[in-house]
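Reminder, nothing fancy here: chain letters follow the sequence lines and each chain counts from 1.
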Amino acid sequence: MEYAFNEIEKKWRAYWASQKTFAAKEEGDKPKFYALDMFPYPSGAGLHVGHPLGYIASDIVARYKRHQGFNVLHPMGYDSFGLPAEQYAIQTGQHPAITTEENISRYREQLDQIGFSFDWDREVRTSNPDFYRWTQWIFLQLFDSWYDEEKAQARPIEDLIWHLHKYGTEDLHAAAGEDLSLSPEEWEGFDEATREQILQNYRLAYRSESTVNWCPALGTVLANDEVKDGLSERGGHPVVQKKMMQWSMRITAYAERLLAGLEEIDWTESLKDSQRNWIGRSEGALLSFALDGHADKIQVFSTRPDTIFGATFMVLAPEHYLVNEITTADQAAEIKAYQEQAARKSERDRLTEVKTVSGAFTGAYALHPFSGAKIPIWIGDYVLASYGTGAVMAVPAHDSRDWSFAKHFNIPIVEVVSGGNITEASYDAKEGKMVNSDFLNGLDVKEAIGKAITAVEDNAIGESQINFRLRDAVFGRQRYWGEPIPIYFKDGLPRRVKEEHLPLNLPAVDAFLPTEDGEPPLARAQKWSYHPDKGVVSADEGYPLETTTMPGWAGSSWYDLRYMDSQNNDVLVSPERVNYWCDVDLYIGGNEHATGHLLYTRFWHKFLKDRGLVQEEEPFKKLINQGMILGYSAFAYRVDGENTFVSADLADQYSCTKVHVDVNMVNASDELDVEAFKAWRDDLATAKLIFEGAFKVTREVEKMSKSKFNVVNPDDIIAQYGADTLRLYEMFLGPLEQSKPWNTAGISGVHSFLRKLWRLYFKEGELTLSEEVPNEKELKVLHTLIKKVNEDINNFSFNTSVSAFMIAVNSLGELKCTKRAILGHLPILISPYAPHIAEELWSRLGNTDSIAYASFPQHEEQYLTESNHNYPVSFNGKMRFTHELPLSLNKEEIEKAIFALERTQQYLEGKTIRKVIVVPGKIVNIVAS
RNA sequence: GCCCUGGUGGUGGAAUUGGUAGACACGCGGGACUUAAAAUCCCGUGACCAUUGCGGUCGUGCGGGUUCAAGUCCCGCCUGGGGCACCA
């Protein structure tokens, strides 16, 4: 009987579904294991072979953990709010919910075919009101919270109101937009509107004015990467910078904890580095420079207060609020021209032009806080208004950008740290002795930084400060297909929708576009007002509701929690469930989420912990990034100006152009299926093909995409080879974390491996297993495999265990092994990788229950111990031959045995022995000359 | 510019703490079985030299170094990919 993978796989998938084999349970005394995948956005294109890579890896771990006696939670769902469905809706008028539903069905069909052990009863969809109800609920908690920096945790806004009432801002250590100073009397005297304005300065979800890329023609806000050269990517319409009131999240309150938390989680260093860079913590001092002839002061932040005596000029951002005030009449025209020039550049342009130095002198001078020297004040577009204070004290000797600026404008460069050659380049290193620096002279840089800060504080020039690069996250979107923000406005003040009125459902609209006057699509809704007693009502009955929606990352910032208790209608997750599952033990997903999703999720979890909803500080204990699967494009050569194609090996005889051809028409030998090619498109039916023997194409590795005709669909692979082959092959391609090209050609190797495995059990259609006692060799093959597979899964090295399976099956085939005592173990070993064939063999062996919970074998060292070792014998480090010796021999005995060999003597003829290295169990090396 | 990664046969890749480089698989060449094909099995396959046989030289991006021994460790480069970006 042949290995009929189609029947076998269909049968077991039906069995798993009907038996609910993989339903996660919170009972018994088993330990828990939570294996999570980054859930997909269900796009219209469906899955290609790159998508399941990480899912297969996590499924292997999930299945392995079940074999090891864990209660495993391995869920799947859909990140189903998003732009593509909305754009499709704008074009066709079809409601995004319908598009999304269709795409999800397609995804589910494809996922089901691969044999994942997901617990589908726990599926979540972020666009489902039962789910986004809780996203909205979390938003309300954020709205109702402020961050107490002293306690380092979020607290209810009532506590803050009480504090303001009792003490004003005295002793208030709160994360805030700006520093406020209020007495309790002042607070008491304010009306409601003013109080709310003040509270907005502290709320973790708050409204503030922020600059956005506004495209008037599209009536919408665009992301940075949707804007190219000041024009919208779609349509090429002009984009302007516009200030808008937007909902934001005060993630900056959590900067320190987001940084500290990285120390306790098992993520790759490169990923942690990305987050560290994103958060961008820097220690330094905030300094005030007095102005010559003005009452104002310029504040600067510097990480190098030790170099203060080297500050020979200052640079303000062109937009700095003091520029116009301090500029002298002489310089006004020049400054104005420069400001205009800078304003025309986008921030991105300003950041990109590193080589050209530009700036203008204001004519004004600051006074050095220690020496009293007059320091010229310039403006330059390398200083950004949005970072720090928008001003720098320029130390050209020890900062490369300041150095270029000083060189360009002929400003003096004063060395204050010895060790470099400042006539050629700035010396930025934090090493060396201080010079030309008054009371800092002779100190090391590190000491000098400390002493400078002390001096600055003693003289009331400034204070030590920690700066972060991290910004608060803009949370409002001018879109339809997202979670409505549960806020309404009474007298212009934002108020929370009552929890009993959640979910605040997306309203029906007549079109998914912004309104004519630029309001978001929700403003089109007829029934979109709020009455605190009645809920959502028609426009004339209640207060206006917020019309922006939440961004894509809202739902994904907490979905891992919902899987624990996805059917709960009372709370987002019950305390019992969250106590049981705690956190994610293994999270697998793409690298592109390094600073977005993964940072926001960590932020929300910390917040939920502060408010007592979860126990763990970090959501994802261990995280692995799977690499991207690239396409292996194929090219045919078209003769220029003709409908003629020429085989790649003859292409140099013609003048031709490479054109993509569909990789599905090319075989493993890079030969084009000419019939399929002619049938591919109408114009090709009459094309002339020039080739000898076979029509050859050339190959190149590119990103997998429809337009490059290199997309490989898992469905086609499964139809031809089966899901088990696909799973094994995806793993066999190479290390999980590495990006690699997909080349279907190699798949026949793993497929024939599965057939070989099958044939070990069946001879002429009959299951033929003997009850004989296995011999040493057979036991060794088995236990070598057991050891390797256990190690590999624990190291996430799945590619090498596929090789190990092949080696074991090849060896057992050579040994003609048909013994139950050996072959009986193989199905469990391979079950995480190729679950269908494993179930089938398992049941043929006489088992009546699923293999999924069968206990995973452990190797026994006794079967692996070798008595002999084949010693490589090297002369001067070059391996010449090998010789087998018992492992029981000691160094002297090995040396003696090797020297007794005739071949050893041949290599030593006429030479003097200098040294003999013998490492028992490893090598022998003889040094002679 | 900075940070993170990688660079091994025609291809994907393997190689525990430095200890037989190229496991396993694809592809390719040859053979067996077959009327034939498919399937299966066997042999060969890093390059070069030698070939009757034994064998020899080179070889893990490049150049140095440490070591009895380097894909692996150190120093300096080149290069592919990803991320961040005048961050003061």
- Message: Base, sugar-phosphate or nothing for A/R880? Non-hydrogen atoms, less than 4.0 Å.
- Response: sugar-phosphate
- Item | Ring centroid separation A/Y382 to A/F405 under 6.0 Å | yes
- Query: Considering only the C1' atoms, how many Å lie between B/A70 and B/G65, rounded to the nearest integer?
  - Reply: 11 Å
- Query: Under 4.0 Å between a side-chain N or O of A/R401 and OP1 or OP2 of B/G1?
  - Reply: no
- Taking atom types as modelled and ignoring hydrogens, do the side chains of A/S803 and A/T800 form a donor-acceptor contact shorter than 3.5 angstrom? no
- A/H593 NE2 - B/G82 P separation (whole Å): 16 Å
Give me, pair by pair, the N or O atoms of the protein and of nucleotides 10-12 of chain B that are less than 3.5 Å apart, along with how far apart they are.
from, atom 1, to, atom 2, distance (Å)
B/G12, O2', A/L733, O, 2.5

- Query: What is the distance from atom CG of A/L887 to atom CG of A/L885, rounded to the nearest 0.5 Å?
  - Reply: 9.0 Å
- Message: I'd like the P distance from B/A38 over to B/G59, given in whole Å.
- Response: 42 Å
- Message: Between B/C74 and B/G19, how many Å separate the two P atoms, rounded to a whole number?
- Response: 15 Å
- A/H368 (side chain) donor-acceptor with A/I375 (main chain) under 3.5 angstrom: no
- Task: Check every strand shown and say whether A/T595 touches a base, only sugar-phosphate, or nothing at a heavy-atom separation below 4.0 Å.
- Result: nothing
- Message: Looking at A/K816 and A/E814, is any side-chain nitrogen of the basic one under 4.0 Å from a carboxylate oxygen of the acidic one?
- Response: no
- Query: Roughly how far apart, to the nearest Å, are B/C48 and B/G64 at atom C1'?
  - Reply: 26 Å
- Query: Touch check for A/S748, heavy atoms < 4.0 angstrom, all strands: base, sugar-phosphate only, or nothing?
  - Reply: sugar-phosphate
- Task: Mind checking A/N925 for me? I need base, sugar-phosphate or nothing, with any heavy atom below 4.0 Å counting as a touch.
- Result: base
- Item | Sugar-phosphate, base or nothing in reach of A/N876, heavy atoms under 4.0 Å | nothing
- Rounded interatomic separation in angstrom, taking CD1 from A/I629 and P from B/G81: 19 Å
- side-chain contact (heavy atoms from CB on, under 4.5 Å), paired with A/V750, selected from A/T725, A/D724, A/L733: A/T725
- Base, sugar-phosphate, or nothing: which does A/R276 touch, judged by heavy atoms less than 4.0 Å apart? nothing
- Task: Please work out if A/F313 contacts a base, only the sugar-phosphate, or nothing of the nucleic acid, heavy-atom cut-off 4.0 Å.
- Result: nothing
- Query: Under 4.0 angstrom, heavy atoms only, what part of the nucleic acid is A/T303 near: base, sugar-phosphate, or nothing?
  - Reply: sugar-phosphate
- When the ring planes of A/Y3 and A/H751 are compared, do they come out parallel, tilted or perpendicular, using 30° and 60° as the limits? tilted
- Item | Inter-nucleotide C1' distance (B/G82, B/A23), Å rounded | 30 Å
- Residues A/R276, A/E269: salt bridge by 4.0 Å N-O rule: yes
- Query: From A/I251 CD1 over to A/I279 CD1, what is the distance, rounded to the nearest 0.5 angstrom?
  - Reply: 7.5 Å
- Hey, does A/N467 reach any base, or is it just sugar-phosphate, or nothing, if we go heavy atoms under 4.0 Å? nothing
- Query: Looking for any heavy atom pair under 4.0 Å, which part of the strands does A/R759 touch: base, sugar-phosphate only, or nothing?
  - Reply: sugar-phosphate
- Task: Check for a donor-acceptor pair, side chain of A/Q465 on one end and backbone N or O of A/F301 on the other, with a separation under 3.5 Å.
- Result: no
- Note on the structure: Picking from B/G56, B/G13, B/A21, the nucleotide nearest the side-chain atoms of A/M879 would be B/A21
- Query: Base, sugar-phosphate, or nothing for A/K272, non-hydrogen atoms under 4.0 angstrom?
  - Reply: nothing
- Query: Given atom CD of A/E730 and atom P of B/G13, what is their separation to the nearest angstrom?
  - Reply: 14 Å
- Item | Whole-Å gap separating P (B/G83) and CG (A/N277) | 14 Å
- Message: Using the P atom as the point on both nucleotides, what is the distance between B/G9 and B/U66, in whole Å?
- Response: 27 Å
- Task: May I ask you to check whether A/Y729 and A/W742 place their ring centers less than 6.0 Å from one another?
- Result: yes
- Item | Spacing of the P atoms in B/G63 and B/G56 (rounded, Å) | 25 Å
- Can you tell me which stems RNA chain B forms, taking runs of 3 or more consecutive Watson-Crick or G-U pairs with both distances under 3.5 Å? B:1-7 with B:78-84, B:10-12 with B:24-26, B:27-32 with B:40-45, B:46-49 with B:55-58, B:61-65 with B:73-77
